[in-house]
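Quick caveat, the model's predicted, so the values are computed rather than measured. Counting starts at 1 for both ligands and their atoms, in listed order.
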Amino acid sequence: MEKYLINPNQKISKISKDIYGHFSEHLGRCIYEGLYVGEDSPIPNVNGMRKDVVEALKEMGIPVLRWPGGCFADEYHWKDGIGPKENRKKMINTHWGGVVEDNSFGTHEFFELCRQLGCEAYVNGNVGSGTVQEMSEWVEYMTFDGVSPMAELRKANGQEKPWKVKYFGVGNENWGCGGHFLPEDYAQAYLRYNTYVRDYDSKNHIYRVACGPNAEDYHWTDRVMWRAHHRIDGLSLHYYTDIWDSETKTKKSATEFNEKQYYGILAQAYKIDEIITRHIEIMNKYDPKHRVDLIVDEWGTWFDVEPGTNPGFLYQQNTMRDAIVAGLTLNIFNKHSDRIKMANIAQTVNVLQAVALTDGEKMVLTPTYHVFKMFKEHQENTLLGSFITTDTSFVDAKKHPGDESLKLPQLIESASVDENGVIYSTIVNTSAKKTAKIKCQIADTKIKSIKAEILTGDIHDKNDFDDTDNVKTAEFTDFRRISDGFYATLPPCSIVKFVIE
Ligand code: AHR
């Protein structure tokens, strides 16, 4: 029997809703087909945005959307994507499949999408191949409410009032696809570009995100913080979970895997806890007052594309394994919510660990979607002190020869409280085979009622266009109330949410 303790007297930090954020890039069928089909499409749409996908994302509680990339951001020239569509320049999307990008989805369409979703906008600027002037003018175009060349241009294109840009990224992966900078050189470039990202609205400071490290690149964090921390609001971290097969030179299938590969992926996903902790320690050296946040603006699983699809489109299926990755990662983000203010899973539709997949007019919601929906009540809650005892195994999850085994606890949890005193606890059982018996006790709390919901299945279970509801949430009843908590039996490969009043 594992012991699970929740302490409502220990209020740790606010869980920013933006931890539950998403990322949509001009990559494969994420924007085009996935989110945007155009006004003339036979697929039901509002101003070109797919109705089914927009409805599903709203229902899931999407708080913020990052756009236009990714690697695409540092190739994107925003002026190509404004004005009458027939005049918009066509370009080659060199990073992603070499396809023609007709720029029919641009700045105006992005803000229309955010309006329909009711979410915040996170716009990523171009440092790699763009100029300071270009970035500066984009910010002026989007946010200036006065008389200026860019504000006039925006009005001429049909948008009288400026939009709200909550977050602005100054480049993306500038250690790689965003220009192959050295960290010191990027930090210097950041300072220069950022100078001209003006706050035109004194009531709305644009939150600036600097390009941070890839995974365990602690040197990058150290150098960028050393040089530029005083002008950064958030430093971004990218962390993908994959298994690399050095013999076949592939990342392995999203749907066909054995138990060893299941645990390998989960252990790699769990490693983000240590990676976050170590980056924060470095940030603290230069920023002891914790002014700069950590932003995980790309995370998720990365497998081989579905057979027969364009390798440059990164289209992969999604199973209960992905759901477990999502659940444990979101619990980890909650636990670090004193420092993580935003995270964006890659990517929203049809790319990598997507929450929705589309095929023509059909849409299917993935297991990962259901996890985001289950966890949505954590948004803006207060993280509570909590602790669970659990078995921990060491998993052989090598990405590179010589890599050490990685730790994987069987149970990973977090708990939060809302403004009415309702407690939400989400627990992930990572085991493929073992149930977990737990005794939960909640300090100093008179419990009126407990309700619970579960997502579970075989590790390979998925939803598909001809079987859309194979994986779905259900009411969970395998628990027994006691005066200060409950006993529960959590099935293998499951995510359970308890709502305690
Ligand atoms: O999400 C796919 C790609 O992964 C992004 O474009 C890039 O930033 C990262 O390498």
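Counting heavy atoms closer than 4.0 Å to ligand 1, residue Trp299 contributes nothing at all. Neither the backbone nor the side chain of Val351 comes within contact range of ligand 1; no heavy atom lies under 4.0 Å. Contacts between His95 and ligand 1 below 4.0 angstrom, taking non-hydrogen atoms only, are absent altogether.
Ligand 1 has no N or O atom lying under 3.5 Å from any N or O atom of Ala346, backbone or side chain. Distances between N or O atoms of Gln347 and those of ligand 1 include at least one value under 3.5 Å.
Annotation: side chain to side chain donor-acceptor pair (under 3.5 Å) contacts involving residues 174-193, sequence neighbours excluded, comprise Gln188-Arg227.
The Cys71 neighbourhood of ligand 1 comprises atoms 5 (C), 6 (O), 7 (C), 8 (O), with distances under 4.0 Å to a heavy atom of that residue. When each atom of ligand 1 is checked for a heavy atom of Gly70 under 4.0 Å away, the hits are 5 (C), 6 (O), 8 (O). Atoms of ligand 1 lying under 4.0 Å from at least one heavy atom of Leu352, given by number and element, are 1 (O), 2 (C). Within the listing of ligand 1, atoms 8 (O) sit less than 4.0 angstrom from a heavy atom of Asn172. Every atom of ligand 1 with a heavy atom of Phe23 under 4.0 Å away is listed here by number and element: 1 (O).
Looking at atom 1 (O) of ligand 1, its nearest protein heavy atom turns out to be Tyr240 OH, 2.7 Å. Closest to atom 7 (C) of ligand 1 among all protein heavy atoms lies Glu298 OE1, 3.3 Å. The protein atom (non-hydrogen) at minimum distance from atom 10 (O) of ligand 1 is Glu173 OE1, 2.7 Å.
If you check each of Glu25, Gln353, His26 against atom 6 (O) of ligand 1, the one with the closest non-hydrogen atom is Glu25.
Using a distance-only test at 3.5 Å, with no hydrogens or angles considered, a donor-acceptor pair links the side chain of Asp304 to the main chain of Lys252.
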For Glu274 and Arg278: C-alpha separation, side-chain torsions, deciding distance, then whether salt bridge (charged side-chain N to carboxylate O under 4.0 Å, His left out) applies.
CA-CA 6 Å; Glu274 177 200 320; Arg278 291 186 61 185; 3.8 Å; yes
Quick one, Lys497 with Glu377, criterion salt bridge (charged side-chain N to carboxylate O under 4.0 Å, His left out). Give me CA distance, side-chain angles, the key distance, then yes/no.
CA-CA 10 Å; Lys497 173 176 73 179; Glu377 287 108 334; 2.8 Å; yes
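Applying the ring pair (Phe, Tyr, Trp, His ring centres under 6.0 Å) rule to Trp96 yields no partners; only residues at least two apart in sequence or on another chain are considered.
Under the 30°/60° scheme for interplanar angles, the aromatic rings of Phe72 and Tyr76 are found to be tilted.
Not a single heavy atom of Phe72 sits closer than 4.0 Å to an atom of ligand 1.
Geometric assessment of Arg66 against the ring of Tyr167 yields a negative cation-pi assignment under the 6.0 Å and 45° thresholds. Remark: Arg321 is positioned above the aromatic ring of Phe257, its terminal NZ or CZ atom under 6.0 angstrom from the ring centre and at most 45 degrees off the axis.
His22 pairs in a ring-ring contact (aromatic ring centres under 6.0 Å, His included) with only one of the listed residues (Tyr369, Phe372, Trp67), which is Phe372. Results of the ring-ring contact (aromatic ring centres under 6.0 Å, His included) test with Trp299 over Tyr239, Phe333, Tyr240 single out Phe333 as the only residue that passes.
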